[in-house]
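A quick write-up on the structure given underneath.
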Amino acid sequence: MVIDHIGFVFYPEESLFRIIGRLSFPVFAWLLAQGERKTHNIYAYIRRLAIAALISQPFYSWLFEIRQLNILITLMLGLVVIRLARQFPTERYLLWAAGIFISALIPMDAGTYGLCVILMMAEFPTQKFSDVFRWWGLWISIHILDVVLLRQMLQLWALPAPLLIYGLGQQRGPKARWFYGFYPGHLAGLLLIKLQLLR
C-alpha cells in the first residue's frame, strides 16, 4: 500500500510501484473478512474504522488531489455489508446488491471493485475443490470486467493476490490495531514530503 502511494504521488510514470500496490487491497479485504468473523465487538470495529477514516480524509484528499472518500470508508461499508449478510442470510444477495449500489453511488477509493473484492474475500474458499474452482472463476471475472468496463488495466496485477493468502496458511495473524494510526500517519508523512518538494 505504501509503495503504491509513493508511486502514485512521486513516480507516476513508474508502473512497478502501482503493480506492487495492486496486491495489497485484496489482502486487506481478506483480513477485514477474517476480523468480521472473529471480532467480539463489531460496533467497536466499525467505530475504529470510522474514526481512522475521518482523521485520514483531509490528508488523503490533499495528498492525492482527489474528491472521493478514502479506502477506510470502502472497508467500513464492506464490513457492514458482510456482517448484515451473515445476520440475515436469506437477504444476503439483496444486501450485497445494496452495498454495491452504494459503492457505485458515492465516490470512494476502489469503489464497486473494492466492495466486490471484500464480498469475495468473505466467501474465500477453504475446502471443497468445486467451491475453489467457482471462486477463482468469479475472481478472474471481476478483474476482466474491471478492465473491460473501466479500463483499469493495472487491476489485473491483483489476480495473484489470493495466492499470498494461501501461502500464509489462511491464518489471521496477531491483531494490528496500529494500522488505524499508521494509515493516516503515512498519508500525513507523504503529504509533508510532497509539500516540501513543491517549495
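Leu164 and Phe28 fall within the same hydrophobic cluster, where Ile, Leu, Val, Met, Phe, Trp and Tyr residues are linked whenever their side-chain heavy atoms come under 4.5 Å apart, directly or through other members.
Side-chain contact between Met121 and Gln34 is absent, with no heavy-atom pair separated by less than 4.5 Å. Between His5 and Leu187 the shortest side-chain heavy-atom distance falls below 4.5 Å. Residues Leu16 and Tyr11 have side chains not in contact (no heavy-atom distance under 4.5 Å, counting atoms from C-beta outward). Residues Phe124 and Tyr166 meet the side-chain proximity criterion, which asks for heavy atoms closer than 4.5 Å. Side-chain atoms of Arg92 and Arg86, non-hydrogen and from C-beta on, never get closer than 4.5 Å to each other.
Judged purely by atom type and a 3.5 angstrom limit, Trp30 has no side-chain atom pairing as donor or acceptor with the backbone of Ile165.
Remark: Asp146 pairs with Tyr113, Leu150, Gln152, Gln155 by the side chain to side chain contact (heavy atoms under 4.5 Å, CB included) rule, at least two apart or across chains. In this view, Leu197 and Phe10, Ile193 satisfy the side chain to side chain contact (heavy atoms under 4.5 Å, CB included) rule, not counting sequence neighbours. In this structure, the side chain to side chain contact (heavy atoms under 4.5 Å, CB included) partners of Phe88, at least two apart in sequence or on a different chain, are Leu84, Glu91, Leu95.
Applying the 4.5 Å side-chain rule to ILVMFWY residues, one finds Leu154, Trp157 in the same cluster as Ile19.
Heavy atoms only, all atoms of each residue included: Asp4 and Gly21 are closest at CB-CA, 3.5 Å. Heavy atoms only, all atoms of each residue included: Phe59 and Pro184 are closest at CD1-O, 4.0 Å. Taking all atoms of both residues into account, the shortest heavy-atom contact from Gly99 to Val81 is CA-CG2, 3.8 Å. In terms of heavy atoms, Asn41 sits closest to Ala44 at OD1-N, 3.0 Å. Taking all atoms of both residues into account, the shortest heavy-atom contact from Cys116 to Ile100 is SG-CD1, 4.0 Å. The two residues Leu79 and Leu32 make their nearest non-hydrogen contact at N-CD2, 3.9 Å.
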Item to check | side chain to side chain contact (heavy atoms under 4.5 Å, CB included) evaluation trace for Met120 with Glu123 | outcome: CA-CA 5 Å; Met120 288 215 65; Glu123 301 291 319; 5.8 Å; no
Using distance only, find each side-chain donor-acceptor pair of residues 61-75 under 3.5 Å and give its atom names and separation, not counting sequence neighbours.
| residue | atom | partner | partner atom | Å |
| --- | --- | --- | --- | --- |
| Ser61 | OG | Gln57 | O | 3.1 |
| Ser61 | OG | Gln57 | NE2 | 2.9 |
| Glu65 | OE2 | Lys194 | NZ | 2.9 |
| Gln68 | NE2 | Tyr60 | OH | 2.7 |
| Asn70 | OD1 | Leu72 | N | 2.9 |
| Asn70 | ND2 | Ala53 | O | 3.0 |
| Asn70 | ND2 | Gln57 | OE1 | 2.8 |
| Thr74 | OG1 | Asp109 | O | 2.6 |

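For an aromatic pair to be called close, the ring centres must be under 6.0 Å apart, and Tyr45 with Tyr180 fails this.
Ring-plane geometry between Tyr183 and Phe179 is classed as tilted, the angle between the planes lying from 30 to 60 degrees on a 0 to 90 degree scale.
Within 6.0 Å of CD1 on Ile6 lie more than 12 heavy atoms contributed by other residues, nucleotides or ligands.
Under the salt bridge (charged side-chain N to carboxylate O under 4.0 Å, His left out) criterion, no residue pair touches residues 47-61, with sequence neighbours excluded.
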